[in-house]
Amino acid sequence: QVQLVESGGELVQAGGSLRLSCAATGRTFSSYCMGWFRQVPGKEREFVAVVSWRGGTTSYTDSVKGRFTISRDNAKNTVYLQMNSLKPGDTAVYYCAAALKSPSLLAAGVVDIWGQGTQVTVTS
């Protein structure tokens, strides 16, 4: 069973950049497509980005296209979310997610494993 631990969340000014990391334990990391979601208090968890098993395919929610980049390193059992041109609206708890079946199902919220979350706060 894979376990996920996020890191990299912090307070940053609008226009700045952050890179989130999600380290996975276990030997089957490459069996999972990986993604990021985010959630603000009082709202549902929202899909942000997904990457396929070997990293060849990525997909993003419209609000982050051109600003965020998801990538993975299977040798390091880690998935990343590079966030540029951050806006106050990006403020949220960011969760790493793993899914066995497909990137499209992960994006739809069909997730097998969740991380514990990391807080990103963007000030204006």
Side-chain angles (χ1 to χ4, degrees):
Q1 179 78 347
V2 170
Q3 292 183 321
L4 307 175
V5 179
E6 301 98 330
S7 61
E10 60 181 71
L11 189 147
V12 64
Q13 287 189 335
S17 298
L18 281 177
R19 188 175 81 158
L20 304 183
S21 299
C22 173
T25 62
R27 298 181 179 181
T28 59
F29 177 73
S30 60
S31 299
Y32 292 84
C33 49
M34 300 296 297
W36 292 91
F37 287 71
R38 64 188 181 186
Q39 189 170 25
V40 297
K43 293 190 176 181
E44 292 188 356
R45 197 167 293 187
E46 171 193 33
F47 165 73
V48 175
V50 62
V51 61
S52 58
W53 301 267
R54 296 184 180 181
T57 301
T58 59
S59 182
Y60 302 88
T61 192
D62 286 346
S63 63
V64 308
K65 284 180 181 176
R67 301 189 298 123
F68 291 11
T69 302
I70 188 170
S71 62
R72 68 189 294 163
D73 185 337
N74 285 349
K76 295 182 179 180
N77 280 13
T78 302
V79 62
Y80 304 98
L81 185 67
Q82 177 67 43
M83 305 187 293
N84 299 329
S85 301
L86 282 161
K87 305 174 181 179
D90 295 318
T91 295
V93 176
Y94 283 72
Y95 295 90
C96 183
L100 285 169
K101 291 188 176 179
S102 76
S104 58
L105 284 175
L106 184 149
V110 181
V111 171
D112 296 294
I113 305 167
W114 291 100
Q116 84 288 351
T118 185
Q119 176 70 48
V120 172
T121 303
V122 184
T123 61
S124 58

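Note that the structure is predicted; figures quoted are calculated from it, not measured. Keep in mind that the numbers below use all heavy atoms, side chains included, and drop hydrogens, waters and symmetry copies.
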Result block: side-chain N/O donor-acceptor pairs under 3.5 angstrom for residues 10-22, not counting sequence neighbours:
residue: Ser17; atom: OG; partner: Asn84; partner atom: OD1; Å: 2.9

Revision key, fill the gap. Note: Thr118 and Gly9 closest approach over all heavy atoms is OG1-N, 3.2 Å
Exercise answer: donor-acceptor pairs, residues 86-96 side-chain atoms, under 3.5 Å, sequence neighbours excluded:
residue: Asp90; atom: OD1; partner: Arg38; partner atom: NH1; Å: 3.0
residue: Asp90; atom: OD1; partner: Arg67; partner atom: NH2; Å: 3.0
residue: Asp90; atom: OD2; partner: Arg67; partner atom: NH1; Å: 2.8
residue: Asp90; atom: OD2; partner: Arg67; partner atom: NH2; Å: 3.4
residue: Asp90; atom: OD2; partner: Lys87; partner atom: N; Å: 2.8
residue: Thr91; atom: OG1; partner: Pro88; partner atom: O; Å: 3.0
residue: Thr91; atom: OG1; partner: Val122; partner atom: N; Å: 2.9
residue: Thr91; atom: OG1; partner: Val122; partner atom: O; Å: 3.4
residue: Tyr94; atom: OH; partner: Arg38; partner atom: NH1; Å: 2.9
residue: Tyr94; atom: OH; partner: Asp90; partner atom: O; Å: 2.6

**Study point:** Distance (rounded to the nearest 0.5 Å) between Arg72 CZ and Thr58 OG1
**Key:** 12.0 Å
Study note, to complete from the structure: To the nearest 0.5 Å, atom CD of Gln116 lies from atom OG of Ser7 at 9.0 Å
Review point. How long is the gap from CG on Leu81 to CD on Glu6, to the nearest 0.5 Å?
Key: 11.0 Å
Check your understanding: Can you check whether Gly26's main-chain N or O pairs, donor with acceptor, with Asn77's side chain at less than 3.5 Å?
Key -> yes
Exercise for review: Answer with yes or no whether the hydrophobic clustering places Phe68 together with Val120; edges join I, L, V, M, F, W, Y residues whose side-chain heavy atoms lie under 4.5 Å apart.
Suggested key: yes
Check your understanding: Between Asn74 and Phe29, what is the shortest heavy-atom contact and its length?
Key -> OD1-CE2, 3.1 Å
Review point. Got more than 12 heavy atoms from elsewhere within 6.0 Å of CD, Gln39?
Key: yes
Check your understanding: What residues form a side chain to side chain donor-acceptor pair (under 3.5 Å) with Thr121, not counting sequence neighbours?
Key -> Gln119
Practice item. Report the residues that fulfil salt bridge (Lys or Arg N to Asp or Glu O under 4.0 Å) with Lys43, sequence neighbours left out, ordered by chain and then residue number. Key: none
Review point. Counting distance only, does the side-chain N/O of Thr25 pair as donor-acceptor with the main-chain N or O of Gln3 below 3.5 Å?
Key: yes
Point to revise | Atom pair OH/CG of Tyr32 and Asp112 - distance to nearest 0.5 Å | key: 6.0 Å
Exercise for review: For the residue pair Tyr80 and Asp73, establish whether any side-chain heavy-atom pair is separated by less than 4.5 Å.
Suggested key: yes
Study note, to complete from the structure: Contacts of Phe37 meeting ring-ring contact (aromatic ring centres under 6.0 Å, His included) (sequence neighbours excluded), chain-then-number -> Phe47, Trp114
Practice item. Using the rule that two of Ile, Leu, Val, Met, Phe, Trp, Tyr join whenever any of their side-chain heavy atoms come within less than 4.5 Å, decide whether Tyr60 and Met34 are in one cluster. Key: yes
Point to revise | Same cluster (ILVMFWY, side-chain, under 4.5 Å), Val111 and Val48 | key: no
Exercise for review: State whether the side chain of Trp53 and the backbone N or O of Ser31 hold a donor-acceptor pair below 3.5 Å, judged by distance alone.
Suggested key: yes
Donor-acceptor contacts, no H, no angles, side chain residues 98-107, under 3.5 Å, sequence neighbours left out:
residue: Ser102; atom: OG; partner: Ser104; partner atom: OG; Å: 3.1
residue: Ser102; atom: OG; partner: Leu105; partner atom: N; Å: 3.1

